[in-house]
Number of protein chains: 2
Amino acid sequence: MTDKKYCYEYPHPAVTTDIVVFTIREGRLKLLLIKRKISPYKGKWALPGGFVALHEDISQCAARELAEETGVSSVFLEQLGAYGAPKRDPRERVITIAYFALIPSEKIQVQAATDAAAADWFAMDALPELAFDHAEIVEQAKTRLLNKLGHSTIAFQFLADEFTLTDLQKVFEIIQGEEVDKRNFRKWALALNSIEATGKERREGQHRPAKLYRLSSTVQDID
Amino acid sequence: MTDKKYCYEYPHPAVTTDIVVFTIREGRLKLLLIKRKISPYKGKWALPGGFVALHEDISQCAARELAEETGVSSVFLEQLGAYGAPKRDPRERVITIAYFALIPSEKIQVQAATDAAAADWFAMDALPELAFDHAEIVEQAKTRLLNKLGHSTIAFQFLADEFTLTDLQKVFEIIQGEEVDKRNFRKWALALNSIEATGKERREGQHRPAKLYRLSSTVQDID
DNA sequence: TCAAAAGTGTTTGCTATACACCCATGA
DNA sequence: TCATGGGTGTATAGCAAACACTTTTGA
């Protein structure tokens, strides 16, 4: 073991960030996981994350880790909370600040990161066993996502800059796990005053083309 | 300076908890503050809190600090979030996990704590200048309180075990800063299915006695 | 002309709001 | 008997949910 050169008068815990990264792929809500290459939990799947550097803000740390793992930046990133049970990491006291991130399906060539084979997307209803207390963190992230879905504009974070109303509806249906009425949904979405038609259309397949929408510039999220 | 005997291979930040303690006194929403006796911000008012001990959970730490400062335990305590800007404490890197606590007006002989003169209650609309980034933390706690007020049962946390509907209504009016309609409020409160009449009454003053209510046993909060 | 998804209104029930008077008590 | 806060109901408007057919396109 190398020498321990960072010394303090009182004991200090280690601090990490872990990021719950959601996206929608293949019509399912998916979670990004990393295969651990070292002990503890070697070989198990875990949330991407890492130690907070002394000079960086914790949200910067989360953004940096996310960029390193997925290659994407400037995505939706929100703090979920701090997890600090004394024995959650068997090595030493580690407190983690969990974040949750939403990224659009298309933005991700992902796994691009440093080590390819070690990262993968898992459907939320088919998660492997997770390291540490990550299952609990993921559970709370899922709850938060569901709660915010109908009361904010986070659903748009899963979509490209331009999208159809059907695209948006599918995001809701996938996350909520149930179908919604097309007419009511469209009324609701337009009544939000958060999206506007671009004037363009998307043609695909032998049917009527769909109008494209974008987020209005003046959209802000709610706590 | 004493010798620094806790050493690590990589730099570790210090971790504290800070608690935003709200109560209602004198018909106003009040916040508990502690006068700092040491640098930095010596003499300034700050949130109660302290360093996380290595063996305790962070929520235990918050509960412990709260008990030390106010003498109360088993009160509503919820995590608010982590604050970790690199320079928020000029001494060293300190990441704080903020909590918010609600305590009933009567429960507090407070200031009972270790050092009496150094703690005091301040009305939320007349706060002194605060140390560190505590003003920001308080602001977000206030927002959270307002948001949860109508969608959960936290308002009850400000009341004694037995209370009248007028007591409850006053809590809402004080926090929201505006009067509400008595009939609508009572309909709403009873429709919650969270409170039940005790059968007892409170007599005070020359008017009809008020029915006393208590929280039903099966009440749970919403995220 | 057919298949496939886009697009569009009305009815109904529920929830939120506005609003004013009688009741029980102690002095 | 009077002053004080406790307690109660109804009418209206806005929002959420149920529900089915026409339109446009490409093959």
Side-chain angles (χ1 to χ4, degrees), chain A residues 24 26-27 105 146-153 155-156 159-160 162-214 222, chain B residues 24 26-27 105 146-153 155-156 159-160 162-214 222:
Chain A
I24 287 177
E26 299 160 6
S105 352
L146 273 166
N147 283 340
K148 294 194 82 167
L149 197 63
H151 309 283
S152 72
T153 55
F156 298 102
L159 299 170
E162 299 195 328
F163 53 87
T164 68
L165 291 182
T166 302
D167 291 342
L168 184 59
Q169 182 176 344
K170 277 186 183 145
V171 169
F172 274 78
E173 290 177 335
I174 289 164
I175 296 174
Q176 294 182 158
E178 56 188 11
E179 300 194 342
V180 303
D181 179 82
K182 185 162 44 156
R183 280 167 297 186
N184 291 336
F185 179 80
R186 291 160 102 92
K187 250 181 298 179
W188 173 85
L190 295 171
L192 276 181
N193 266 340
S194 298
I195 59 175
E196 56 193 17
T198 63
K200 287 183 276 183
E201 295 183 331
R202 178 196 295 163
R203 308 177 116 77
E204 52 171 13
Q206 44 190 310
H207 56 81
R208 182 170 175 174
K211 286 183 190 158
L212 286 168
Y213 291 80
R214 73 167 82 88
I222 313 158
Chain B
I24 287 178
E26 300 159 7
S105 352
L146 273 166
N147 283 340
K148 293 195 82 166
L149 198 62
H151 308 284
S152 72
T153 54
F156 299 102
L159 299 169
E162 299 195 328
F163 52 87
T164 67
L165 292 182
T166 301
D167 291 341
L168 184 59
Q169 182 175 345
K170 277 186 184 145
V171 169
F172 273 78
E173 289 178 336
I174 288 165
I175 295 173
Q176 293 182 159
E178 57 188 10
E179 300 193 343
V180 303
D181 179 82
K182 185 164 38 160
R183 279 167 298 185
N184 292 338
F185 179 80
R186 292 161 102 92
K187 249 181 299 178
W188 174 85
L190 295 171
L192 275 181
N193 266 340
S194 298
I195 59 175
E196 56 193 18
T198 63
K200 288 183 273 182
E201 295 183 331
R202 179 196 297 164
R203 308 177 117 76
E204 52 170 10
Q206 45 190 309
H207 56 81
R208 184 171 175 176
K211 285 181 190 158
L212 286 169
Y213 291 81
R214 73 167 83 89
I222 312 158

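Naming: A, B, ... by sequence-line order, numbering from 1 per chain.
Every residue was checked against the salt bridge (charged side-chain N to carboxylate O under 4.0 Å, His left out) condition with Arg208(A), not counting sequence neighbours, and none meets it. Legend: residues meeting salt bridge (charged side-chain N to carboxylate O under 4.0 Å, His left out) with Glu173(A), ordered by chain and number and at least two apart, are absent. With sequence neighbours excluded, the residues forming a side-chain contact (heavy atoms from CB on, under 4.5 Å) with Thr166(B) are Thr164(B), Lys170(B), Arg186(B), listed by chain and number. With sequence neighbours left out, the side-chain contact (heavy atoms from CB on, under 4.5 Å) criterion links Leu159(A) to Phe163(A), Asp167(A), Leu168(A), Val171(A). Partners of Arg183(A) by salt bridge (charged side-chain N to carboxylate O under 4.0 Å, His left out), not counting sequence neighbours: none found. Applying the side-chain contact (heavy atoms from CB on, under 4.5 Å) test to Lys187(A) and every residue at least two apart in sequence or in another chain returns Asn184(A). Residues passing the salt bridge (charged side-chain N to carboxylate O under 4.0 Å, His left out) test with Glu26(A) are Lys30(A), sequence neighbours excluded.
First and last contacting nucleotides of DNA chain D toward chain B (any atom under 4.0 angstrom from a heavy atom, 5' to 3' order): dA3(D) to dT10(D). Where DNA chain C meets chain A (any atom under 4.0 Å from a heavy atom), the bounding nucleotides read 5' to 3' are dA3(C) to dT10(C).
Contacts between residues 173-183 of chain A and DNA chain C, defined by a heavy-atom separation under 4.0 Å, are made by Lys182(A), Arg183(A). Residues from residues 204-211 of chain B lying near DNA chain D, meaning a heavy-atom separation below 4.0 Å, are Gln206(B), His207(B), Arg208(B), Pro209(B), Ala210(B), Lys211(B) in numerical order. A heavy-atom distance below 4.0 Å to DNA chain D is reached by these residues of residues 162-171 of chain B, ordered by number: Thr166(B).
Here Glu179(A) contributes atom CD and Ile174(A) contributes atom CD1; the two are 11.5 Å apart, rounded to the nearest 0.5 Å. With values rounded to the nearest 0.5 angstrom, Glu201(A) atom CD is found 8.0 Å from Leu212(A) atom CG. Considering CD of Glu196(B) and OH of Tyr213(B), their distance stands at 11.0 Å, rounded to 0.5 Å.
The closest donor-acceptor contact from the side chain of Thr198(B) to the backbone of Arg214(B) lies at 3.5 Å or more, if one exists at all.
Within 4.0 Å of Arg186(A), counting heavy atoms only, lies at least one base atom of the nucleic acid.
When each of Asn184(A) and Lys187(B) is assigned the nucleotide of DNA chain D bearing its nearest heavy atom, the one mapping closer to the 5' terminus is Lys187(B).
Minimum interatomic distance between Gln169(B) and Val180(B) (heavy atoms only, all atoms of both residues): NE2-O, 3.1 Å. Across every non-hydrogen atom of Phe172(B) and Ala155(B), the tightest pair is CE1-CB, 3.3 Å.
Side-chain contact between Phe156(B) and Ile195(B): present, with at least one pair of heavy atoms (C-beta onward) separated by less than 4.5 Å.
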